[in-house]
Protein chains: 2
Amino acid sequence: MPLRHALLGMLSEHPHSGWDLTKRFEQSLGNVWTASHSQVYTELGKLEVEGLIEVVGTGARGRKDYAATEAGRAEATRWLRETEPSRSVRNEPILRVFLLWLLEPEEARAYLERERDRHAEQLAFYEQLAHDWPCDSAAVDASRIALEAGLRVERAYVEWAEWAAARYCQADETRDGDASG
Amino acid sequence: MPLRHALLGMLSEHPHSGWDLTKRFEQSLGNVWTASHSQVYTELGKLEVEGLIEVVGTGARGRKDYAATEAGRAEATRWLRETEPSRSVRNEPILRVFLLWLLEPEEARAYLERERDRHAEQLAFYEQLAHDWPCDSAAVDASRIALEAGLRVERAYVEWAEWAAARYCQADETRDGDASG
DNA sequence: ACAGGCATGTAAGTCGTTACATGATTAG
DNA sequence: CTAATCATGTAACGACTTACATGCCTGT
């Protein structure tokens, strides 16, 4: 149950509301794990019933801030220690590359160029995060290591997409000599 | 529905049995998309009812080889053209890195070293595939481009895991001066 | 007053995992 | 004859997505 443990981990760092956690899944965590707000609120409800998290504050608009209890933090640690990471993967953008031969070369090239742009944007975002990085706690340090993975993987994707688009460019140019677009 | 379209794509290349498709999800495709045999057989049943695939041969032990029909291939192409790739991501091994601060430094380092070894193995496998690559059809070419993504991303992970483990090494050495392990 | 963002929740349906269940073929 | 591998399927349960539903606060 990685969602539950992702939540316990974040709530072991410092309090978050369901809204905050949802935002984190959309932002820095988004290249690693995604969860919709409905999933987050449902799981928070279960975790509270089980005594793994508790409400530690409330705010405007019904906001509730949760933090992990000792039991919750222990459960997150136990999960890290005693279970193997699932290797189940979902990477639809690259899955599509396996099917790219079904398209015309210019369509395939356009797809690869969009991927390059997307990854270039993501890389720029990560570079900004790394540039502004505060040097604080151990939690922050682990996040910095995870960020470094994002940084390096995005860089690899940008270079790959350029290499791949060039392959399809060649195929296209061979056919009609047009290098525009 | 990426599973359905992954199947249609593979069955547009050449015939496969449910067993073959399951194996492909465990091997080359496995770093991009995974599916259990139960999911594969269930989806093949639906695709056949919908006329998107058909049985084109049978073999020993009840083996059934399927191929995409024209309608199936058209559906795969339509999906590529008309839908945006889902950005929903599952990458539990890196998710765990965000929680690594909950462990002792030596445990965290051990985790990163296991990841390094895993990715090094995967990289070696991809390098072998790339080395033995046949130069044939367009389908093969798209797979070669997808393989290149795997190759470059795995290389990035190996280098990242080494960088990351070194960080935890330092933390550990600062505490007890032990550089073994 | 209104728009945009903050904030939380429920329900229906689909997708995915795990376990159950069976049996044929092949190589040693 | 026996183990490994090939080969297919179903069922129960849990996870995830999408849509529905509500309402408050802040800035303009």
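Proteins get letters first, then strands, A, B, ... in listed order; numbering begins at 1 in each.
Closest to the A:Tyr66 side chain, of the nucleotides C:dT10, D:dG9, C:dG9, is C:dG9.
In this structure, B:Arg61 does not reach the C:dG23 phosphate: none of its side-chain N or O atoms is under 4.0 Å from OP1 or OP2. In this structure, B:Tyr41 does not reach the D:dG9 phosphate: none of its side-chain N or O atoms is under 4.0 Å from OP1 or OP2. Side-chain N/O atoms of B:Lys64 include one lying less than 4.0 angstrom from OP1 or OP2 on D:dG9.
Atom NZ in A:Lys46 sits roughly 8 Å away from atom C1' in D:dA15 (whole-Å rounding). Summarising the geometry, the separation between NE2 on B:His37 and P on C:dA19 is reported as 12 Å, rounded to the nearest angstrom. Between the P atom of D:dT8 and the CG atom of B:Leu47 lies a distance of 15 Å, rounded to the nearest Å. Rounded to whole angstrom, the span from the CD atom of A:Gln39 across to the C1' atom of C:dG13 amounts to 15 Å. The distance from atom CG of B:Leu44 to atom P of C:dG16 is 14 Å, rounded to the nearest whole Å. Between the C1' atom of C:dG9 and the CG atom of A:Leu21 lies a distance of 15 Å, rounded to the nearest Å. Going from atom NZ of B:Lys23 over to atom C1' of D:dA7 covers 10 Å, rounded to whole Å. Between A:Met1 atom CE and C:dG16 atom P there is a gap of 19 Å when expressed in whole angstrom units.
Using a 4.5 Å heavy-atom threshold, the side chains of B:Thr69 and B:Ile53 count as separate.
Checking side-chain atoms of A:Tyr157 against main-chain N and O of A:Arg152 turns up no donor-acceptor pair under 3.5 Å. Under the 3.5 Å distance criterion, the side-chain polar atoms of A:Trp79 are left unmatched by any main-chain donor or acceptor of A:Arg4.
Within a 6.0 Å sphere centred on CZ of B:Arg118, other residues, nucleotides and ligands contribute 12 heavy atoms or fewer.
Near DNA chain D, meaning a heavy atom under 4.0 Å from it, residues 73-85 of chain A has no residue at all.
Residue contacts for B:Arg90: at a heavy-atom cut-off of 4.0 Å it reaches the sugar-phosphate backbone alone, with no base atom in range.
Where B:Ser88 and B:Arg63 each meet DNA chain D at their nearest nucleotide, the meeting point lying more 5' is that of B:Arg63.
Here the CD-NE2 distance, from B:Glu92 to A:His5, works out to 9.5 Å after rounding to the nearest 0.5 Å.
Scanning atom types as modelled, one donor and one acceptor separated by under 3.5 angstrom connect the side chain of A:Ser38 and the base of D:dT18.
Looking only at atom types and distance, the side chain of A:Arg96 has a donor-acceptor partner in the side chain of B:Thr83 under 3.5 Å away.
Residue pairs meeting the side-chain hydrogen bond (donor to acceptor under 3.5 Å, both in side chains) criterion with at least one member in residues 19-28 of chain A, sequence neighbours excluded, are A:His16-A:Arg24, A:Ser17-A:Asp20, A:Asp20-A:Arg63, A:Lys23-A:Glu26.
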